[in-house]
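Read the structure below first, then the notes.
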Protein chains: 2
Amino acid sequence: MPDLSTRDMIVQRADTLFYEAGYEATSFADIAAAVGISRGNFYHHFKTKDDILAAVISLRHQRTEAMLAGWEAEADTPTACLLGFVRLLILNRTKIMAHGCPVGTLCSELAKLDHVAQPEAAAIMALFRDWLTGQFRAMGRDDAERLALHLLNWSQGTAVLAATFRDETYLRAEVDRIERWLVALPQTHPI
Amino acid sequence: MPDLSTRDMIVQRADTLFYEAGYEATSFADIAAAVGISRGNFYHHFKTKDDILAAVISLRHQRTEAMLAGWEAEADTPTACLLGFVRLLILNRTKIMAHGCPVGTLCSELAKLDHVAQPEAAAIMALFRDWLTGQFRAMGRDDAERLALHLLNWSQGTAVLAATFRDETYLRAEVDRIERWLVALPQTHPI
DNA sequence: GTCTATAAATAGATAGAC
DNA sequence: GTCTATCTATTTATAGAC
């Protein structure tokens, strides 16, 4: 990642640290050390820790939108789009087993902290929900939102249990089950 | 709660604070204030914050065992036992929407912190998994553990999304779906 | 924009009087 | 067992030189 501004570097490293260690457990000193700048310089770019969190959430929001648009551009069918979503669990399996789902764990932590940015974090989850709803609708399902929430629920549950038991076999088996459910969907009745 | 020892009071209040605000976000001062003792007195009972966490996890472990045994004593059938588990989501809905599942969020936070007590927290989740497995086995299912993990996954996913969107309607609808799945199980083939 | 130096508050933790 | 006083490290945050 060449030629990033210091501000962008801060947001990027903070994003990683907030995911890996959690928001509360990450200090300014941690971020400054990861970026390679002094703590003093830090405050030239961000006044408070909440400001960095807002920037990190904004970055994740943009990245998520881009990722979802990318899947839609690459895949031929709604089912292929949905499989792209599910395979993210496999692609990121090592990080998920160590730190959980980046979206789910941030929403959970900010809910506990009763943080003002909780709704902004939830908006990223809503991005997934709405995109999934669009795919199920494109499959001709009139219960599209319910199916989207079911798939989101299943993914979040899988991430929590994979991180809890640190069990890759479980994660892979669960993804297999989700995939089989997805490809069987067009021919089946509503669950 | 009358006549609790100071030590027990500390563990009890810490349990609440760790659930509501998170382990990392709760300070010694917070716990001492909640109990109504000085910070100095605190260290007479616990040497480190990790020691309190260990005591809290131990308390939760015992409570969970007692709760599971209680459900088994009260319910006539395995299905009734399983419904008792599911209804915990309704019973604790307000706290779950505000702070998530106490077990899932603690396991997730300790995984992120790479904390030595993470396996002890995961053992509480395993307590649920094994108890659920026993109920499905009593129903004559030879895929009992898979069903137990499916139900645990579903519950965790529901807790994460309920806390993310702070949506009681969603939580109740999801519990309804789980209950319908449960009561239909004996007559159906494996999912 | 970046640094060093430093402030002010809070964190976890200890000593010793009562 | 409980308190006050204190210590040390860390946290967020600021001031001012370069």
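Below, chains carry the letters A, B, ... as their sequence lines are ordered, and counting in each starts from 1. In what follows, every heavy atom counts, from backbone to side chain, and hydrogens, waters and symmetry copies are set aside. None of these values were measured; they are calculated from a predicted model.
- One can place NE2 of B:H45 at 9 Å from P of D:dC3, the figure rounded to the nearest angstrom.
- Residue pairs meeting the ring-ring contact (aromatic ring centres under 6.0 Å, His included) criterion with at least one member in residues 52-84 of chain B, sequence neighbours excluded: B:W71-B:W131.
- When rounded to the nearest whole Å, the span between CZ of A:F46 and P of C:dG1 equals 12 Å.
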Please tabulate, one pair per line, all N/O donor-acceptor pairs under 3.5 Å involving side-chain atoms of residues 32-46 of chain A, not counting sequence neighbours.
residue	atom	partner	partner atom	Å
A:S38	OG	A:N41	N	3.2
A:N41	OD1	A:H45	NE2	3.4

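- Neither OP1 nor OP2 of D:dT14 sits under 4.0 Å from any side-chain N or O of A:H44.
- Comparing atom distances between the A:I37 side chain and each of C:dC3, D:dT2, C:dT2 picks out C:dC3 as nearest.
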Taking N or O atoms only and anything under 3.5 Å, show me the protein contacts with nucleotides 12-16 of chain C, one pair per line.
residue	atom	partner	partner atom	Å
C:dG12	OP1	B:K49	NZ	3.3
C:dG12	OP2	B:F28	N	2.8
C:dA13	OP2	B:K49	N	3.3
C:dA13	N7	B:Y43	OH	3.0

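- Separating the CG atom of A:D51 from the C1' atom of D:dT12 is a distance of 13 Å, rounded to the nearest angstrom.
- One atom, CZ of B:R7, and another, P of D:dT2, lie 13 Å apart when rounded to the nearest Å.
- With sequence neighbours excluded, the residues that form a side-chain contact (heavy atoms from CB on, under 4.5 Å) with B:S58 are B:Q62.
- Geometrically, A:R146 does not engage A:F136 in a cation-pi contact defined by less than 6.0 Å to the ring centre and at most 45° from the axis.
- In this structure A:T48 satisfies the side-chain contact (heavy atoms from CB on, under 4.5 Å) test together with A:D50, A:D51, sequence neighbours excluded.
- With sequence neighbours excluded, the residues forming a side-chain contact (heavy atoms from CB on, under 4.5 Å) with A:R166 are A:A98, B:A111, B:D114, B:Q118, listed by chain and number.
- The CG atom of B:D8 sits 11 Å away from the P atom of D:dG1 (whole-angstrom rounding).
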